[in-house]
**Student:** 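One structure is given below, represented as structure tokens, and several questions about it will come after.
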Amino acid sequence: MRQRKSFAFIISFLFALCTYAQEKQKVMVMELKAEIDPRTNRYTELALDHAKEIEADYVIIEMDTYGGAVTDAKDIVERIMDFDKPIWVFINKDAASAGALISIACDSIYMAPGANIGAATVVFQTGEAAPDKYQSYMRSTMRSIAEENGRDPRIAEGMVDETIEIDSISKAGNVITFSTNEAIKHGFCEAKVNSVEDILERNGVENYERIDYELGASEEIIAFFLNPFISGILIMVIVGGIWFELQTPGVGFPIGAALLALILYFVPYYLNGLAENWEIIAFFIGLILIGFEVFVIPGFGIAGILGITFTLGSLILVMLNNDAFDFTFVDIDDIVIAALVASIGIFGGFALLFVIGVKFTDSKFFARVALTDTMNRTEGYTSNFNKESMIGKAGTAHTVLRPSGKIMINGELYDAYTRGDYIDKGSEVIVVSDEGTSLKVKLKD
């Protein structure tokens with residue numbers, strides 16, 4: 001009897017333990033603590049995809065940002081709105097501009113003591129307010145998202161438009177920025193908290209597993225190649241490799257190195273939303289035009305100039321967060337850095353080619369992979385397609401030589417040419433050289 005009771009107790013304990021383990025909820029925590037740009041846009045996409053993969057029950061965004069690109073913020077907002085599990089934001093310092101937009105899109109907003117939310121006016125990098133078309137877009141976006149999540153749309157608009165006046169909240173000339181207590185009072189914050197754990201406790205989430213999202217090794221590698229210094233080195237390899245291959249066709253590995261550098265240059269920018277399809281296409285169009293200029297059209301003209309413009313321009317544009325040549329919200333410093341990196345990379349590639357390339361072509365390794373020997377006459381090398389030497393033999397011009405034509409020697413016809421002189425048909429000639437497939441002749445004295 002005792003054994004039966006003991007056995008039943010063990011079964012009940014194991015069942016309770018399994019039930020406890022099954023009921024453990026997953027909470028994924030991600031951070032937005034940088035400027036909102038294509039990089040944070042991609043980070044958010046990867047984080048929410050990971051939350052779906054692990055079947056997280058809750059997602060908490062820990063935020064501290066002064067904002068950034070509205071277009072990238074809009075992408076983040078759409079992902080948050082489409083996510084089917086609760087997403088809460090913990091503003092532990094600032095949620096300004098695009099940060100405020102993202103926060104309002106979340107299911108619940110929690111703020112640390114001394115935190116702020118608001119000031120969502122669209123501004124240039126200089127701090128100057130953008131034209132009204134951008135403000136109007138931001139106002140309508142803030143209003144619609146606030147309505148969707150049950151928050152006062154008028155206050156959301158007031159965070160963008162300084163002309164909006166709301167009794168006891170804002171006066172004309174000032175955009176709305178709420179402190180933690182003010183946000184709670186006006187429905188833009190659920191509670192004042194000190195940590196993520198406080199948020200979970202307030203919502204009755206007790207049996208949970210916290211998962212802090214971090215970028216994988218592959219993403220860290222991609223971020224490494226987004227460094228302007230690394231981008232400059234890759235451009236050097238691209239330019240040097242392509243030009244070296246053009247100068248010594250058939251070697252193979254210079255063009256291989258250039259293609260690898262090309263992939264490592266474009267792919268990270270493409271994955272982070274900076275490189276558009278048309279920018280990459282423009283680069284290859286530039287290469288085609290340069291090749292056309294080098295191999296087809298003599299001299300240097302429009303095709304070459306357009307090729308260089310397309311190639312250099314695409315390398316610069318790939319590094320900039322422009323919207324189809326709209327540089328309204330692109331920092332002038334970013335433009336300068338991108339132009340310098342591309343220019344230094346190109347000129348550095350040519351310098352690398354001339355300094356290292358010359359030494360390389362004289363190396364023993366290069367001699368193994370490329371034909372470097374020349375067959376000089378002084379070393380006894382000649383080309384003669386005739387069975388016997390024809391030098392010194394006399395004949396007659398079978399056709400007019402101007403300067404090439406045919407001659408007759410001992411009843412046989414031969415192709416022939418002169419040094420540039422014209423020789424009439426029937427004139428007597430003498431062979432002075434028999435290299436190649438044609439005989440070199442002159443008038444017989």
**Student:** Quick one: do Arg139 and Asp161 make a salt bridge, cutoff under 4.0 Å?
**Tutor:**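 Yes.
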
**Student:** Can a side-chain donor-acceptor contact be found between Asn277 and Tyr270 if the only test is distance below 3.5 angstrom?
**Tutor:**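 Present: a donor and an acceptor within the cut-off.
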
**Student:** Can you name the closest pair of heavy atoms from Gly99 and Ser103 and give their distance?
**Tutor:**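 Smallest interatomic distance, heavy atoms only, reads O-OG, 2.8 Å.
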
**Student:** Charged N to carboxylate O below 4.0 Å: is that the case for Asp37 and Arg39?
**Tutor:**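 The answer is yes: the pair qualifies as a salt bridge.
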
**Student:** Counting neighbours of CD on Glu45 that are heavy atoms of other residues, nucleotides or ligands and sit closer than 6.0 Å, is the number greater than 12?
**Tutor:**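 Enclosed: over 12 neighbouring heavy atoms sit under 6.0 Å from CD of Glu45.
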
**Student:** Does the side chain of Phe90 come within less than 4.5 Å of Met63's, by heavy atoms?
**Tutor:**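 Of all side-chain heavy-atom pairs linking Phe90 with Met63, none is under 4.5 Å.
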
**Student:** Does the distance from a Lys or Arg side-chain N to an Asp or Glu carboxylate O, for Arg143 and Glu157, drop under 4.0 Å?
**Tutor:**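 Between Glu157 and Arg143 there is a salt bridge, with a charged N closer than 4.0 Å to a carboxylate O.
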
**Student:** Counting only heavy atoms not in Lys93 (residues, nucleotides, ligands), do more than 12 fall under 6.0 Å from its NZ?
**Tutor:**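 Check fails, neighbour count at 12 or below.
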
**Student:** Consider side chain to side chain contact (heavy atoms under 4.5 Å, CB included). Of His50, Met30, Lys85, which one does Val59 pass it with?
**Tutor:**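 Result: among His50, Met30, Lys85, Met30 is the only option passing the side chain to side chain contact (heavy atoms under 4.5 Å, CB included) with Val59.
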
**Student:** Would you name the heavy atoms of Met159 and Ile117 that are closest together and state the gap between them?
**Tutor:**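 In this case the closest contact between Met159 and Ile117 is CE-O, 4.3 Å.
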
**Student:** Quick one, Ser231 and Phe225 - any side-chain contact, counting heavy atoms below 4.5 Å?
**Tutor:**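 Side chain of Ser231 against side chain of Phe225, heavy atoms only: no contact under 4.5 Å found.
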
**Student:** Identify the heavy atoms of Ala156 and Ala146 that sit nearest to each other, and give their distance.
**Tutor:**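 For Ala156 and Ala146, the tightest heavy-atom pair comes out as CB-CB, 3.7 Å.
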
**Student:** When you look at NZ of Lys33, are more than 12 heavy atoms from neighbouring residues, nucleotides or ligands closer to it than 6.0 Å?
**Tutor:**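 Count over threshold, so yes.
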
**Student:** If I compare all heavy atoms of Leu320 with all of Ala338, which pair ends up nearest, and what's the gap?
**Tutor:**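 Scanning both residues, the minimum pair turns out to be CD2-CB, 3.8 Å.
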
**Student:** Would you give the length of the straight line joining atom NZ of Lys24 to atom CD of Glu206, rounded to the nearest 0.5 angstrom?
**Tutor:**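 So the gap between those two atoms works out to 13.0 Å.
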
**Student:** Can you check whether Ile61 reaches Glu31 side chain to side chain, under 4.5 Å on heavy atoms?
**Tutor:**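 They are not in side-chain contact.
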
**Student:** Check the angle between the aromatic planes of Phe178 and His186 and answer parallel, tilted or perpendicular using the 30° and 60° thresholds.
**Tutor:**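 Plane angle under 30°, so parallel.
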
**Student:** Is there side-chain contact between Ile308 and Ile290, with at least one heavy-atom pair below 4.5 Å?
**Tutor:**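 When only atoms from C-beta onward are counted, Ile290 and Ile308 do touch, with a gap below 4.5 Å.
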
**Student:** Give the minimum heavy-atom separation between Glu62 and Asn92, together with the two atoms involved.
**Tutor:**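 Looking at all heavy atoms of both residues, the shortest contact is OE2-ND2, 2.9 Å.
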
**Student:** Atom CD1 of Ile235 and atom CG of Leu312: how far apart are they, to the nearest 0.5 Å?
**Tutor:**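 So the CD1 of Ile235 and the CG of Leu312 are separated by 8.5 Å.
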
**Student:** Let me confirm one number: the CG-OG1 distance from Asp75 to Thr44, rounded to the nearest 0.5 Å.
**Tutor:**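 Separation between the atoms: 9.5 Å.
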
**Student:** Going from CG on Leu317 to CZ on Phe283, what distance comes out if it is rounded to the nearest 0.5 angstrom?
**Tutor:**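 One gets 13.0 Å once the value is rounded to the nearest 0.5 Å.
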
**Student:** Only one of Asp198, Thr180, Asn203 forms a side chain to side chain donor-acceptor pair (under 3.5 Å) with Tyr110, so which one is it?
**Tutor:**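 The option that passes is Asn203.
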
**Student:** Locate the shortest heavy-atom distance separating Thr177 from Glu182; write the atom from each residue and the value.
**Tutor:**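 Looking at all heavy atoms of both residues, the closest pair is O-OE1, 3.7 Å.
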
**Student:** Would the number of heavy atoms belonging to other residues, nucleotides or ligands and lying under 6.0 Å from CD of Glu78 be above 12?
**Tutor:**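 Enclosed.
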
**Student:** Using the rule given for side-chain hydrogen bond (donor to acceptor under 3.5 Å, both in side chains), can you reason through Asp107 versus Tyr58, listing the C-alpha separation, both sets of side-chain angles and the distance that settles it, and then say yes or no?
**Tutor:** CA-CA 11 Å; Asp107 297 292; Tyr58 304 95; over 6 Å; no

**Student:** Given side chains that start at C-beta, do those of Ile102 and Val89 come closer than 4.5 Å, heavy atoms only?
**Tutor:**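 No - every pair of side-chain heavy atoms lies 4.5 Å or more apart.
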
**Student:** To the closest 0.5 Å, what do you measure between CE (Met111) and CD (Glu190)?
**Tutor:**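 Those atoms lie 11.0 Å apart.
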
**Student:** Distance check, rounded to the nearest 0.5 Å: Asp72 atom CG versus Glu35 atom CD?
**Tutor:**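 It comes to 9.5 Å.
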
**Student:** Measure from the ring center of Tyr213 to the ring center of Tyr43 and say whether it is less than 6.0 Å.
**Tutor:**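 Close enough - the centres of the two rings lie under 6.0 Å apart.
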
**Student:** Set out, in order, the CA-CA distance, both residues' side-chain angles and the distance that settles salt bridge (Lys or Arg N to Asp or Glu O under 4.0 Å) for Arg210 and Glu197, then state yes or no.
**Tutor:** CA-CA 9 Å; Arg210 173 171 171 165; Glu197 287 69 26; 2.7 Å; yes

**Student:** Considering only heavy atoms from C-beta outward, does the side chain of Asn194 approach that of Pro113 to under 4.5 Å?
**Tutor:**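 In short, these two side chains touch, coming nearer than 4.5 Å.
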
